[in-house]
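We name chains A, B, ... by the order of the sequence lines, and we start the count at 1 in each one. The shown structure was predicted, so the numbers you read here are calculated from the model rather than taken from an experiment. Atom set for the values below is all heavy atoms of this structure, side chains included, hydrogens, waters and symmetry mates excluded.
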Amino acid sequence: MVPAQPIPSLLQQLRQAHPDARYELNWTTPFELLVATLLAAQCTDERVNRVTATLFQKYRGPQDFAQADTGALEEDLRPTGFYKQKAKAVQTMSRELLERFGGEVPQTLEQLVTLPGVARKTANVVLNTAFQLPSGVIVDTHVVRVSQRMGLTKKKKPEDIEQELMRLVPQDQWTFFGPAMVLHGRYTCMARKPQCGACPMAAFCPKIGVEEG
DNA sequence: CTCCCGATAT
DNA sequence: ATATCAGGAG
């Protein structure tokens, strides 16, 4: 599909609005970012950061998560929601990381996606952010919503939307574009009450299906 | 498509 | 009190 406005100027405006767009999860190693991104499923980055601040002092690497008591880990992860699934995912992911990848976070999307709890969004966050690799475009709930509102896509499925965005946006922009769209969705183009009056991207938005804002 | 779940906005 | 937020697996 053809976007309402040319992509180059859209990217330029987006860069002006979010000059140093980056993912807002706190991490010090690729492994920590991987865990934090797993925990971020259905949960705000802010809450994940509160949990990981203490979590990463207690669990210093995949070894610690692999050997942890599952019940204790569940309690540590409780505030992020879906804590039983997440504890299981983090623990089995850590074990597979040790067994199959020598405890190192793999640097390809194909390998990352084989880990439990890791799908394209999580893999792209890790690759884009920790390794600066343009493996794909991060498509989370914000990017889905913003892309649709801006008329960049009419697709519904995140994977289809990612394909469309990868086609529209030059690859060397992907690691900027994803995080910038996330920030725009989080702070301006919100799901409930989009700030259309103060939106820097308004010129690129057909405002179709956007309720009063 | 349903389930997983706590936290915050309304 | 209840709706909404926000990914992945089965």
Side-chain angles (χ1 to χ4, degrees), chain A residues 21-27 30-55 65 70-97 100 105-106 108-130 135-149 153 155-166 178-196 209-213:
Chain A
R22 55 166 182 79
Y23 233 65
E24 293 183 309
L25 293 171
N26 294 145
W27 56 280
F31 176 74
E32 284 189 359
L33 178 60
L34 178 54
V35 173
T37 309
L38 273 182
L39 301 183
Q42 308 284 82
C43 175
T44 65
D45 286 6
E46 191 188 344
R47 215 175 334 136
V48 172
N49 284 335
R50 262 183 268 144
V51 168
T52 55
T54 52
L55 188 76
F65 284 106
T70 307
L73 183 56
E74 286 178 358
E75 286 313 304
D76 291 332
L77 302 186
R78 179 182 283 272
T80 69
F82 298 167
Y83 62 93
K84 288 183 180 174
Q85 289 201 160
K86 287 177 182 176
K88 184 86 179 165
V90 168
Q91 190 157 54
T92 55
M93 182 275 287
S94 296
R95 287 172 181 162
E96 287 195 29
L97 213 53
R100 296 164 46 212
V105 177
T108 71
L109 192 132
E110 292 68 30
Q111 289 177 315
L112 274 169
V113 157
T114 66
L115 294 168
V118 181
R120 288 192 68 93
K121 181 257 176 178
T122 300
N124 279 330
V125 168
V126 171
L127 294 169
N128 285 10
T129 307
S135 54
V137 173
I138 296 169
V139 177
D140 70 350
T141 185
H142 297 294
V143 180
V144 168
R145 182 180 66 252
V146 172
S147 301
Q148 289 170 344
R149 284 181 178 170
T153 185
K155 311 272 190 193
K156 299 275 190 178
K157 290 185 294 183
E159 203 178 326
D160 292 339
I161 293 174
E162 188 189 351
Q163 282 306 125
E164 191 114 43
L165 295 176
M166 287 192 292
M181 291 283 277
V182 172
L183 293 187
H184 183 245
R186 186 173 294 162
Y187 298 115
T188 304
C189 194
M190 298 100 92
R192 292 189 218 211
K193 214 182 56 177
Q195 312 292 299
C196 300
V210 179
E211 62 258 55
E212 201 106 358

In whole Å, what is the span from the [atom1] atom of [X] to the [atom2] atom of [N]?
| X | N | atom1 | atom2 | answer |
| --- | --- | --- | --- | --- |
| Leu112(A) | dG7(C) | CG | C1' | 16 Å |
| Glu162(A) | dG8(C) | CD | C1' | 15 Å |
| Met190(A) | dC5(C) | CE | C1' | 12 Å |
| Asn124(A) | dG7(C) | CG | P | 13 Å |
| Gln85(A) | dG10(C) | CD | C1' | 9 Å |
| Asp45(A) | dA6(C) | CG | C1' | 10 Å |
| Leu77(A) | dC4(B) | CG | P | 18 Å |

Under 4.0 Å, counting only non-hydrogen atoms across every strand here, what does [X] touch: a base, just sugar-phosphate, or nothing?
| X | result |
| --- | --- |
| Pro116(A) | sugar-phosphate |
| Phe82(A) | base |
| Arg50(A) | sugar-phosphate |
| Lys84(A) | sugar-phosphate |
| Ala40(A) | sugar-phosphate |
| Thr122(A) | sugar-phosphate |

Next item on the list: Using heavy atoms to find the nearest nucleotide of DNA chain C for Val118(A) and Arg145(A) separately, return the residue whose nucleotide is more 5′.
Entry: Arg145(A)
Item checked: Side chain of Pro79(A) - closest among dT8(B), dG7(C), dA7(B) -> dA7(B)
